[in-house]
Amino acid sequence: MKNWIIICFVLSSLQGLKSQETFPINGVSDPRQASHAFTNATVYVSADVRMEKATLLVQDGKVVSVTTSGKVPINAIEQDCSGKTIYPSFIDIYSGLNVEKKTQKKGKMPDSKPAANWNPAIHPEYNYEPTVPLNKKKEQDWLKSGFGVLNLHHRDGIMRGSSTLLFLGQSKPNEAVLKSRATQHYSFSKGTSPNDYPSSHIGAIALIRQTLYDAQWYSSFSDNGPEYNPSLDAINKTLNEPQIFELNHALSARNVQDISSEFDRPFFMVATGNEYLVLDELKQSATFILPLSYPKALDVKDPYLARMVSLAELKHWEAAPFNAYFLSENGNSICFSRDTVASGKEFLSNLRKTIESGVSHANALRALTETPASLLGISAKCG
């Protein structure tokens, strides 16, 4: 009996240590964990599973269970959700919430440190660290459009560095940051780099290939070789991180696929919206991140102005909402993003257009929850 008492005491001590916080509490500590029961709701447990008249139990900010028994735990705060539907919050793997006007000096990172690579457009060692709390107005707009988790990175350069994964609605950094160095980011645009090279798309491809070959050479040394190179070291250390490549043209997907095959480095590609034109050029194993940003209807009332509108523009306006459907039919994995969409209202409107254009409700929900969670490696927590 004495041994059992000692064991229980040790376990309770460990539990106490586990619950310790690294941030001090300003005021009286309240260790109570409030439970909330949302009853009589239609709950989407996943993209394919829907439960009617269900009870969703949330404790300490986490989903504990979803049942149809209707039993509410003692001391839980009950909220009747009759006639309401509860969805999992959306995950934006390529969020544009942090996009601001370019105010930093050319060739400098936001923290004013010089680039570690000979070419300032190459800075894979940089890790984006957002300022928390976020802009309240923007954050609320994203929350209203259904998003709860955003992946933010510094949008400048060819090798842009790592991103940070954030929970929305949290004002404290220790509660807002879900994962640091979540994904690595690439593009074909040199951005604010003052270096004249590269000055073309082919030059950007050459610079990426040369840098990746340099990283392979650098990895052959056990002691960092003749010198320590933060950029090459970062490339080698982030091999297992998800790699995201922003396209500048639908056909540039071929270049990304070639780089991926050459260096055995899989990329998730941020689509341009015109991929329906080049489906034959795309590998079925390719994964695309689709910003739901569609062209506005063109004003053709004035015959003179109507003559200035090309047939290609009109056809793209008509076909753009079908891009997700065509990629899905092509066998490609897709996930949706609100990137480049001005408001939550516009995003939800475009999401409805996408579903009306052939993407099923289940696949649309999967593209906003389960797929991005899987790509980010956070399926155990989110999605």
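Both backbone and side-chain heavy atoms feed into the values below; hydrogens, waters and symmetry mates do not.
Atom CD1 of I235 sits about 7.5 Å away from atom CG of N117, to the nearest 0.5 Å. Remark: I355 CD1 to N350 CG distance equals 11.5 Å, nearest 0.5 Å. For the atom pair CZ of F288 and CG of N332, the computed distance is 5.5 Å after rounding to the nearest 0.5 Å. Distance check: W142 CH2 to Q140 CD gives 14.0 Å after rounding to the nearest 0.5 Å. Note that CG of L375 is 10.5 Å distant from CG of N151, once rounded to the nearest 0.5 Å. Interatomic distance, K301 NZ to L305 CG, rounded to the nearest 0.5 Å: 12.0 Å.
Ion pairing between a basic and an acidic side chain is recognised when a charged N comes within 4.0 Å of a carboxylate O; K296 and E346 show such pairing. Salt bridge absent: K353 and E356 never bring a charged side-chain N and a carboxylate O closer than 4.0 Å.
Here the closest non-hydrogen pair linking F336 and V359 is CZ-CG1, 4.5 Å. The nearest pair of heavy atoms linking T211 to L232 is O-CD2, 3.7 Å. In plain terms, the two heavy atoms of N274 and N323 that are nearest each other are C-OD1, 4.2 Å. The shortest heavy-atom contact between D339 and S293 is O-CB, 4.3 Å. In this structure, P173 and V132 approach most closely via the heavy-atom pair N-CG1, 3.9 Å. Nearest heavy atom pair, residue I334 against residue A367, reads O-CB, 3.7 Å.
Remark: the S189 side chain and the N248 side chain contain no N/O donor-acceptor pair separated by less than 3.5 Å. For the residue pair R181 and T238, no side-chain donor N or O sits within less than 3.5 Å of a side-chain acceptor on the partner.
Counting only distance, with no hydrogens or angles, the side chain of S328 and the backbone of A324 share a donor-acceptor pair below 3.5 Å. Although no hydrogens or angles enter the test, the distance criterion places no donor-acceptor pair under 3.5 Å between the side chain of T192 and the main chain of G157. A donor-acceptor pair is defined here as one N or O able to donate and one able to accept, closer than 3.5 Å; such a pair exists between the side chain of N119 and the backbone of Y197. A donor-acceptor pair under 3.5 Å is formed between the side chain of T164 and the backbone N or O of Y128. Distance alone, capped at 3.5 Å, places no donor-acceptor pair between the S261 side chain and the D258 backbone.
Within the 4.5 Å cutoff, the side chain of E246 has heavy atoms near those of the R160 side chain. Counting heavy atoms from C-beta outward, L327 and L282 have side chains that approach closer than 4.5 Å. Using a 4.5 Å heavy-atom threshold, the side chains of I158 and P198 count as touching. At a threshold of 4.5 Å between non-hydrogen side-chain atoms, the residues N75 and S35 do not count as touching. Taking 4.5 Å as the limit, every side-chain heavy atom of E318 sits out of range of all side-chain heavy atoms of L314. Looking only at side-chain heavy atoms (C-beta outward), L97 and L166 stay at 4.5 Å or farther from each other. Side-chain contact check for C382 versus L178: some heavy-atom pair is nearer than 4.5 Å. Side chains of L251 and E281 form a contact here, defined as non-hydrogen atoms less than 4.5 Å apart.
Dense packing is recorded around CG of D302, with more than 12 heavy atoms of other residues, nucleotides or ligands lying under 6.0 Å away. Residue F263 qualifies as enclosed at atom CZ: its count of foreign heavy atoms under 6.0 Å is above 12.
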Before giving the answer on side chain to side chain donor-acceptor pair (under 3.5 Å), spell out for H185 and T183 the whole-Å C-alpha distance, their side-chain angles and the decisive distance to 0.1 Å. CA-CA 7 Å; H185 291 262; T183 52; 2.8 Å; yes
Can T68 and E52 be said to form a side-chain contact (heavy atoms from CB on, under 4.5 Å), step by step? CA-CA 7 Å; T68 54; E52 301 288 349; over 6 Å; no
Go through S360 and N363 one step at a time and tell me if the side chain to side chain donor-acceptor pair (under 3.5 Å) criterion holds. CA-CA 5 Å; S360 68; N363 287 337; 3.1 Å; yes
Assess the residue pair D80 and S82 against the criterion (side chain to side chain donor-acceptor pair (under 3.5 Å)); give the C-alpha distance rounded to whole Å, side-chain angles, the decisive distance to 0.1 Å, and a yes or no. CA-CA 6 Å; D80 188 3; S82 298; 2.7 Å; yes
Show, in sequence, the C-alpha distance, side-chain angles and deciding distance for Y213 and Q216, and conclude whether the side-chain contact (heavy atoms from CB on, under 4.5 Å) test is met. CA-CA 5 Å; Y213 274 121; Q216 288 183 351; 3.6 Å; yes
Determine whether L368 and L351 satisfy the following criterion, side-chain contact (heavy atoms from CB on, under 4.5 Å), listing intermediate values before the conclusion. CA-CA 10 Å; L368 284 163; L351 179 59; 3.9 Å; yes
Apply the test side-chain contact (heavy atoms from CB on, under 4.5 Å) to residues V278 and R254: give CA-CA distance (whole Å), side-chain angles for both, the deciding distance (0.1 Å), then the verdict. CA-CA 10 Å; V278 295; R254 297 183 304 182; over 6 Å; no
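For the salt bridge (charged side-chain N to carboxylate O under 4.0 Å, His left out) with D141, the lone residue among K136, K345, R338 that qualifies is R338.
Both L143 and L152 sit in one connected hydrophobic cluster of ILVMFWY residues. Membership requires side-chain heavy atoms under 4.5 Å apart, directly or through other members. Note on L348: it clusters hydrophobically with V341, by side-chain heavy-atom contacts below 4.5 Å among ILVMFWY residues. When hydrophobic clusters are built by joining Ile, Leu, Val, Met, Phe, Trp and Tyr residues whose side-chain heavy atoms come closer than 4.5 Å, directly or via intermediates, Y218 is not grouped with L239. One hydrophobic cluster, built from ILVMFWY side chains closer than 4.5 Å, holds both L376 and F167. Hydrophobic clustering (side-chain heavy atoms under 4.5 Å, transitive across Ile, Leu, Val, Met, Phe, Trp, Tyr) groups I378 together with I244.
The aromatic rings of W217 and F221 sit perpendicular to each other, their planes meeting at more than 60°, with 30° as the lower class boundary. Taking the six-membered ring where tryptophan is involved, the planes of F90 and F147 are perpendicular, since the angle between them exceeds 60° and thus also 30°. Between H154 and Y126, the ring planes lie perpendicular to each other; the angle is over 60°, past the 30° to 60° tilted range.
Geometrically, R155 engages Y94 in a cation-pi contact defined by less than 6.0 Å to the ring centre and at most 45° from the axis.
Looking at residues two or more places apart in sequence or on another chain, you find a salt bridge (charged side-chain N to carboxylate O under 4.0 Å, His left out) between E262 and R209. Listed by chain and residue number, M159, Q184, L212, Q243, F245, R265, F267 satisfy the side-chain contact (heavy atoms from CB on, under 4.5 Å) test with Y186 (two or more places apart in sequence, or in another chain).
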